Amino acid sequence: MDLTLTEHHRALYDEVNIFIARHRDRAPRPGGGRKQPDRKMLDWQAQLLERGYFARTIPRDYGGFGAEPNVIELAIIADAFNRAGVSPGIHNQGISMLVPTLLEVGTEEQKRRWIGPTIRGETIWCQGYSEPGSGSDLAAAQTRAVVENGQFVINGQKIWTSSAHYADMMFLLCRTEPDMPKHAGLSYLLLPMSTPGIEVRPLRTMTGRAEFNETFFTDVRVPTDQIVMGRGDGWHVANVTLKYERMLLGDPNKLQQRLETIRRMMEEAGLDGVRLLDRAEWRDRLLRLQGEVMAARYHNLRLLTEQAEGVDSGLGRLIVKYHGTMLAHRLASLAVDVLGSAGLAYEPQGEMAEDDPATTWHIDYMYDIGLIIGGGSSNIQKNIIGERGLGLPREPKAMVLVTAGRS
């Protein structure tokens with residue numbers, strides 16, 4: 001991968017930085033992916049799309065900017081927004097997970113219908129994967145869909161459904177072929193959350209907010225054409241989405257945003273007039289994390305290059321979620337410590353309240369623990385990396401010994 005900047009790249013660097021300087025005072029802060037986009041965020045998203053700073057390589061026919069894939073351009077744009085502390089746009093389940101899935105395996109009609117409204121932030125999606133009895137073993141999903149009069153009739157339950165309480169649409173993994181082996185019996189459906197028979201029950205977490213939900217389906221009817229690929233292809237489609245979910249959860253650009261914010265916090269004078277950045281023990285903690293963030297960013301450039309060249313990254317892609325979520329929590333932990341006495345108190349401000357910086361770090365610190373578990377827990381990720389990536393023997397299953405009683 002050649003990282004040399006050409007004149008074109010330098011011109012893009014100047015262009016992006018001039019744009020940010022002109023709009024910095026009115027631009028949203030980074031973050032907010034766990035909230036419903038407000039008008040300010042939607043207007044900002046429209047500007048980024050128009051300039052090609054968001055959805056840069058998505059074809060114009062589907063609402064994107066239509067540029068050719070260029071790893072250096074993407075890195076320049078991301079770096080400029082990270083350093084400025086300005087939002088790089090909306091990154092949620094629909095944009096970061098469903099859109100690339102449709103680009104890879106969706107029909108032409110599905111791409112034209114859903115990608116544009118989704119990347120503009122107009123259509124919010126949630127993910128219907130986990131169930132009370134199938135989290136890490138996703139293929140064991142028991143939510144059923146049977147065909148009646150040209151419609152899928154869905155019954156069952158999902159859990160840990162992020163954003164379901166305000167989402168417009170869901171991409172749902174359900175069992176349509178009960179007589180087939182579990183991996184071959186699943187299908188991937190698209191359905192409006194306003195469909196009769198859907199009930200959403202919020203689950204309040206330790207942040208004090210209801211960011212997850214239980215979702216119940218009772219005779220929910222969806223046209224049979226609202227399926228990605230075909231009946232029984234759900235496991236394949238679900239794994240395409242999981243590939244992008246893991247990239248979202250371990251996004252190195254978000255890690256860089258956090259690092260830059262923490263660095264600015266540590267540059268401010270403390271109560272004794274001394275900056276934390278001038279104290280060796282604090283500077284050492286920051287530098288150690290900075291090295292990990294740099295490694296994550298360069299690894300991401302390698303993955304983007306391989307993706308553009310049509311190369312399967314294999315093991316390289318598998319480590320992103322595991323490393324990214326663990327590193328994100330360590331960054332949030334440092335930020336809470338940097339806050340000092342303000343890092344000791346947390347008072348929930350309501351579901352959609354505008355958070356002050358201290359509250360944001362508290363929420364990130366607690367929420368990140370959930371991300372270490374969600375999307376495939378870290379222990380499961382290590383098994384996948386070891387077994388599928390490194391070819392190690394499968395983890396032995398626990399055996400229960402039953403001893404006959406004596407008379």
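The first residue of the sequence shown is numbered 1, and numbering continues consecutively from there. Please read all numbers here as calculations on a predicted model, not as lab measurements.
- For Arg201, the salt bridge (Lys or Arg N to Asp or Glu O under 4.0 Å) test picks out Glu199, with sequence neighbours left out.
- For residues 119-128, every residue pair satisfying the salt bridge (charged side-chain N to carboxylate O under 4.0 Å, His left out) rule, not counting sequence neighbours, is listed here: Arg120-Glu122.
- Residues that satisfy the side-chain contact (heavy atoms from CB on, under 4.5 Å) test with Ala140, not counting sequence neighbours, are Ser134, Asp137.
- No side-chain donor-acceptor contact under 3.5 Å links Arg317 to the backbone of Met247.
- Within the structure, side-chain hydrogen bond (donor to acceptor under 3.5 Å, both in side chains) pairs that include any residue of residues 369-394 comprise Asn383-Glu395 (at least two apart or interchain).
- Arg283 places a side-chain N or O within donor-acceptor distance of the main-chain N or O of Leu277, the cut-off being under 3.5 Å.
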If you apply the rule ring pair (Phe, Tyr, Trp, His ring centres under 6.0 Å), what do you find for Phe19 with Trp44, and how did you get there?
CA-CA 12 Å; Phe19 171 83; Trp44 181 243; 5.6 Å; yes
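- Contact of the Tyr298 side chain with the Val293 side chain is not registered, since no non-hydrogen atoms from C-beta on lie closer than 4.5 Å.
- Side-chain atoms of Tyr244 and Glu104 form a donor-acceptor pair, as typed in the model, at a separation below 3.5 Å.
- Scanning for side-chain contact (heavy atoms from CB on, under 4.5 Å) contacts around Val200 gives Ala164, His165, Met193, Ile198, Asn213, Thr215, with sequence neighbours left out.
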With ring pair (Phe, Tyr, Trp, His ring centres under 6.0 Å) as the criterion, how do Phe54 and His91 come out once you've worked through the C-alpha distance, each side chain's angles and the decisive distance to 0.1 Å?
CA-CA 10 Å; Phe54 193 91; His91 290 273; 5.3 Å; yes
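- With a 6.0 Å radius and a threshold of 12 heavy atoms from other residues, nucleotides or ligands, Arg288 has its CZ atom at or below the threshold.
- Salt bridge annotation for Glu292-Arg330: present, with a cationic side-chain nitrogen under 4.0 angstrom from a carboxylate oxygen.
- For Asp368 and Arg258, the salt-bridge test passes: some basic side-chain N is under 4.0 Å from an acidic carboxylate O.
- Judged purely by atom type and a 3.5 angstrom limit, Tyr129 has no side-chain atom pairing as donor or acceptor with the backbone of Thr161.
- Judged as a side-chain contact (heavy atoms from CB on, under 4.5 Å), and not counting sequence neighbours, the contacts of Ala184 are Met180, Pro181.
- Using a 4.5 Å heavy-atom threshold, the side chains of Pro178 and Val146 count as separate.
- More than 12 heavy atoms of other residues, nucleotides or ligands shown are found within 6.0 angstrom of CH2 on Trp235.
- In this model, no donor atom of one side chain and acceptor atom of the other lie less than 3.5 Å apart for Tyr53 and Glu73.
- Applying the side-chain contact (heavy atoms from CB on, under 4.5 Å) criterion to Ala80, with sequence neighbours excluded, gives Val16, Asn17, Ile20.
- No donor-acceptor pair under 3.5 Å is formed between the side chain of Lys243 and the backbone N or O of Leu318.
- Under 4.0 Å is where a charged nitrogen must lie from a carboxylate oxygen, and between Glu267 and Arg263 at least one such pair does.
- Within the structure, salt bridge (charged side-chain N to carboxylate O under 4.0 Å, His left out) contacts touching residues 152-164 (residues at least two apart or in different chains) are Glu131-Lys158.
- His23 and Gln47 share a donor-acceptor pair across their side chains, judged by distance under 3.5 Å alone.
- The local environment of CG in Asn149 is sparse, with at most 12 non-hydrogen atoms from other residues, nucleotides or ligands closer than 6.0 Å.
- Side-chain contact check for Tyr188 and Thr241: at least one donor-acceptor pair (N or O, by modelled atom type) lies under 3.5 Å.
- Scored by the side chain to side chain donor-acceptor pair (under 3.5 Å) test, Gln45 finds no partners at all (sequence neighbours excluded).
- Side-chain atoms of Ser96 never come within 3.5 Å of backbone atoms of Gln93 as a donor-acceptor pair (strictly under, hydrogens ignored).
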With a 3.5 Å cut-off and sequence neighbours excluded, list the donor-acceptor pairs that the side chains of residues 218-230 form with protein atoms.
{"from": "Asp219", "atom 1": "OD1", "to": "Asn155", "atom 2": "ND2", "distance (Å)": "3.1"}
{"from": "Arg221", "atom 1": "NH2", "to": "Glu148", "atom 2": "OE1", "distance (Å)": "3.3"}
{"from": "Thr224", "atom 1": "OG1", "to": "Gly150", "atom 2": "O", "distance (Å)": "3.4"}

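- Side-chain contact annotation: Trp125 with Thr118, donor-acceptor N/O pair under 3.5 Å present.
- Sorted by first then second residue, the salt bridge (charged side-chain N to carboxylate O under 4.0 Å, His left out) pairs that include residues 83-92, not counting sequence neighbours, are Asp79-Arg83, Arg83-Glu260.
- Judged by distance alone, with hydrogens and angles left aside, the side-chain atoms of Lys254 form no donor-acceptor pair with the main-chain N or O of Pro30 at under 3.5 Å.
- Side-chain contact, Thr207 with Glu211: a donor N or O sits under 3.5 Å from an acceptor N or O.
- Judged by distance alone, the side chain of Arg10 and the main-chain N or O of Leu5 form a donor-acceptor pair under 3.5 Å.
- Using a distance-only test at 3.5 Å, with no hydrogens or angles considered, no donor-acceptor pair links the side chain of Arg60 to the main chain of Gly64.
- Other residues, nucleotides and ligands place more than 12 heavy atoms under 6.0 Å from the CZ atom of Phe216.
- His299 contributes a side-chain N or O that, together with a main-chain N or O of Gly316, makes up a donor-acceptor pair within less than 3.5 Å.
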His362 vs Thr359, test: side chain to side chain donor-acceptor pair (under 3.5 Å). Steps then yes/no.
CA-CA 5 Å; His362 282 115; Thr359 300; 5.3 Å; no
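- When side chains are defined from C-beta on, Arg144 does not count as touching Val153, because their heavy atoms never get closer than 4.5 Å.
- A distance-only check finds no donor-acceptor pair linking the side chain of Thr143 to the backbone of Cys174 [under 3.5 Å].
- When side chains are defined from C-beta on, Thr57 does not count as touching Phe65, because their heavy atoms never get closer than 4.5 Å.
- Under 4.0 Å is where a charged nitrogen must lie from a carboxylate oxygen, and between Lys111 and Asp61 no such pair does.
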Just do the side chain to side chain donor-acceptor pair (under 3.5 Å) check on Gln110 and Tyr62 with the steps written out, would you?
CA-CA 10 Å; Gln110 288 168 343; Tyr62 309 141; over 6 Å; no
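- With sequence neighbours left out, Asn239 forms a side chain to side chain donor-acceptor pair (under 3.5 Å) with no residue at all.
- Atom CD of Glu108 has more than 12 neighbouring heavy atoms from other residues, nucleotides or ligands inside a 6.0 Å radius.
- No more than 12 heavy atoms of other residues, nucleotides or ligands sit less than 6.0 Å from atom OH of Tyr365.
- Heavy-atom minimum distance, Arg264 versus Gly85: NH2-CA, 3.6 Å.
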